[in-house]
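Structure, as structure tokens:
The sequence lines fix the lettering, A, B, ..., with proteins before strands; numbering per chain opens at 1.
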Number of protein chains: 2
Amino acid sequence: MSVSGTYDKRAYEPFAVTVDLAVFTIRDGALHVLLVERGQEPYAGRWALPGGFVRPDESAEGAAARELAEETGLADVSGLHLEQVRTYSEPDRDPRMRVVSVAFAALVPDQPEVHGGGDAARAAWLPYRPASYRPLAFDHDRILADAHDRVGGKLEYTGIATAFCAPRFTLGELRQVYEAVWGAELDPANFRRKVVGTPGLVEAIPGAARLTGGRGKPAALFRAGSATTLHPPLLRPASEGTSS
Amino acid sequence: MSVSGTYDKRAYEPFAVTVDLAVFTIRDGALHVLLVERGQEPYAGRWALPGGFVRPDESAEGAAARELAEETGLADVSGLHLEQVRTYSEPDRDPRMRVVSVAFAALVPDQPEVHGGGDAARAAWLPYRPASYRPLAFDHDRILADAHDRVGGKLEYTGIATAFCAPRFTLGELRQVYEAVWGAELDPANFRRKVVGTPGLVEAIPGAARLTGGRGKPAALFRAGSATTLHPPLLRPASEGTSS
DNA sequence: TCAAAAGTGTTGCGGCTACACCCATGA
DNA sequence: TCATGGGTGTAGCCGCAACACTTTTGA
């Protein structure tokens, strides 16, 4: 931006700017990611993250929202959680040309339908198990891993977990979100106390209740609260080697 | 990336890709930021973040490291902390052309010299006090605020604070880093226990000691440890409105 | 001898973990 | 009446905030 010399854009090879999306959802209690199968070279037949070019009149955020709507078939993408992760700009990351890609992570509630087709390529929700579809096209393995790390970290100190849930949800469903993303089991009793005791995370819907799996006591229903940052954070269990 | 149609880059207006740097240091116990004064339109005479174009053969990270070396006059930029913050891509953020900018935050130890001149524009270390130089050129106010937020947050759960210090430092100096970035005072006793008790954050240099301000007991010297993430985190004091 | 900074001790509060235990429902 | 998940109670541990206090230096 603060270049002192001449401002001649032709002196530099033009860059293509794209967005790549890591779209996550919870299905059957397991974390799933939306992938598309490439139909052409390079990387034909490989799975890849959905994405596309940023158009001249839109921001990367706008392009990501547009692609998200196209790929998932959702009408109102405005309420969904869509967050920039980082930008990937290695000169050789695309063998055809110089492509700089802004990566986003999106969190959506479980979609009953498979999703309306946007692009021609086949798209599918796959369980988040990198070993089962690796290697992805381009540097998408790394992008997906970075996006997953980001989402897992943000669960600790923000309320984004509710973005995975329907407008009305039970605390058991919310707990499944944390368990699916972190890959760890949480104590239902302590989870409940923590979530209810954090102001702004969730709001109780008075009187409402719903059965979960046909069994057990009906659970009270909640809706997402207004809090953006959690104090104190809801830390994930230390998997190994915690300090002191 | 996963575009199914034709791959014609001429169908899209080319983007210029730049990097913008928020370079922080601690000087006299206060947080400072490196700014350059623009000599030409637009925003002539305004302060701006240093930065420049990404060249065809380098990544955004490479461009950021190169600009950092040029602007600060530092020879070995490799050991410094340089971290991507996010990418700014609003279509109208530069009135001249379509510019997508990848922002970075850099943490450097205090430089005695003013820094070798890179670009022609005047550059200076200014105390981090946004009201004193606002508005910056372009959308740099927001970029600088985002970078500061990122650095402040990362102090909590990583060891990057040592990036502000010389190779050998006292715990008082390290504490000044936290206080300067967070704008809050910390209890020296508790800070010491926390830092020393977190494995990998710092390593004691046996026997070494140094006076701090000419007064008081000489302080033991430490060097940066190898830990990247802190468990549990070193949380900043809740300024207001903590939960429960 | 005083001020200033380093470093150690100690106490109390609060959150979290780990259970044990009761409640409501469908099979 | 049993299995299942929701929800409440509670005891103990651990970390941290808030001090008091000692140590070592220069002025």
Between [N] atom [atom2] and [X] atom [atom1], what is the distance in whole Å?
X      : N      : atom1 : atom2 : value
A:R193 : D:dG7  : CZ    : C1'   : 9 Å
B:L221 : C:dA6  : CG    : P     : 12 Å
B:E185 : D:dC19 : CD    : P     : 14 Å
B:R236 : D:dC16 : CZ    : C1'   : 17 Å
B:L186 : D:dC16 : CG    : P     : 13 Å
A:R192 : C:dG15 : CZ    : C1'   : 18 Å
A:K194 : D:dT8  : NZ    : P     : 17 Å
A:L234 : C:dC16 : CG    : P     : 8 Å

Given [options], which nucleotide is nearest the side-chain atoms of [X]?
X      : options               : answer
A:N190 : C:dA18, D:dT25, D:dG6 : C:dA18
A:A219 : C:dC19, D:dG6, D:dC19 : D:dG6
A:K217 : D:dT8, D:dG7, D:dC19  : D:dG7
A:P218 : C:dT25, C:dC19, D:dG7 : C:dT25
B:R215 : D:dT24, D:dC19, C:dA3 : C:dA3

Handout entry: Contacting residues from residues 170-181 of chain B, given that a heavy atom lies under 4.0 angstrom of DNA chain C
Key =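 Heavy-atom cutoff 4.0 Å gives B:G172, B:R175.
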Exercise for the section: Would you confirm whether B:H140, through its side chain, and B:A48, through its main-chain N or O, come within 3.5 Å as a donor-acceptor pair? Expected result: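 Such a contact is absent between B:H140 side chain and B:A48 backbone.
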Handout entry: Any donor-acceptor N/O pair, A:S59 side chain to B:S89 backbone, under 3.5 Å
Key =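 Pair absent, no side-chain N/O of A:S59 close to backbone of B:S89.
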Practice task
Could you check whether B:A189 gets within reach of a base, just the sugar-phosphate, or nothing at all, counting any heavy atom under 4.0 Å?
Solution key: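 Contact class for B:A189: base.
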Problem - Test: B:R86 cationic atom under 6.0 Å from B:Y88 six-membered ring centre, within 45° of axis - result: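 The answer is yes, since B:R86 meets both limits relative to B:Y88.
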Practice task
Indicate yes or no: at least one non-hydrogen side-chain atom of A:L234 is less than 4.5 angstrom from one of A:L155.
Solution key: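 In short, these two side chains do not touch, never coming nearer than 4.5 Å.
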Exercise for the section: Would you mind listing every salt bridge (charged side-chain N to carboxylate O under 4.0 Å, His left out) that reaches into residues 169-178 of chain A, with sequence neighbours excluded? Expected result: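 Qualifying pairs, neighbours excluded: A:E173-A:R210, A:R175-A:E179.
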Exercise for the section: Using the side-chain contact (heavy atoms from CB on, under 4.5 Å) rule, pick out the option among A:T25, A:L107, A:I26 that qualifies with A:V177. Expected result: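 Answer to the side-chain contact (heavy atoms from CB on, under 4.5 Å) test with A:V177 among A:T25, A:L107, A:I26: A:I26.
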Practice task
Measure from the ring center of A:F24 to the ring center of A:F164 and say whether it is less than 6.0 Å.
Solution key: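 Aromatic pair excluded; centres sit 6.0 Å or further apart.
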Exercise for the section: Return the 5'-most residue of the pair B:D187, B:P233 with respect to DNA chain D, ranking by each residue's nearest nucleotide. Expected result: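 Comparing both residues, the 5'-ward one is B:P233.
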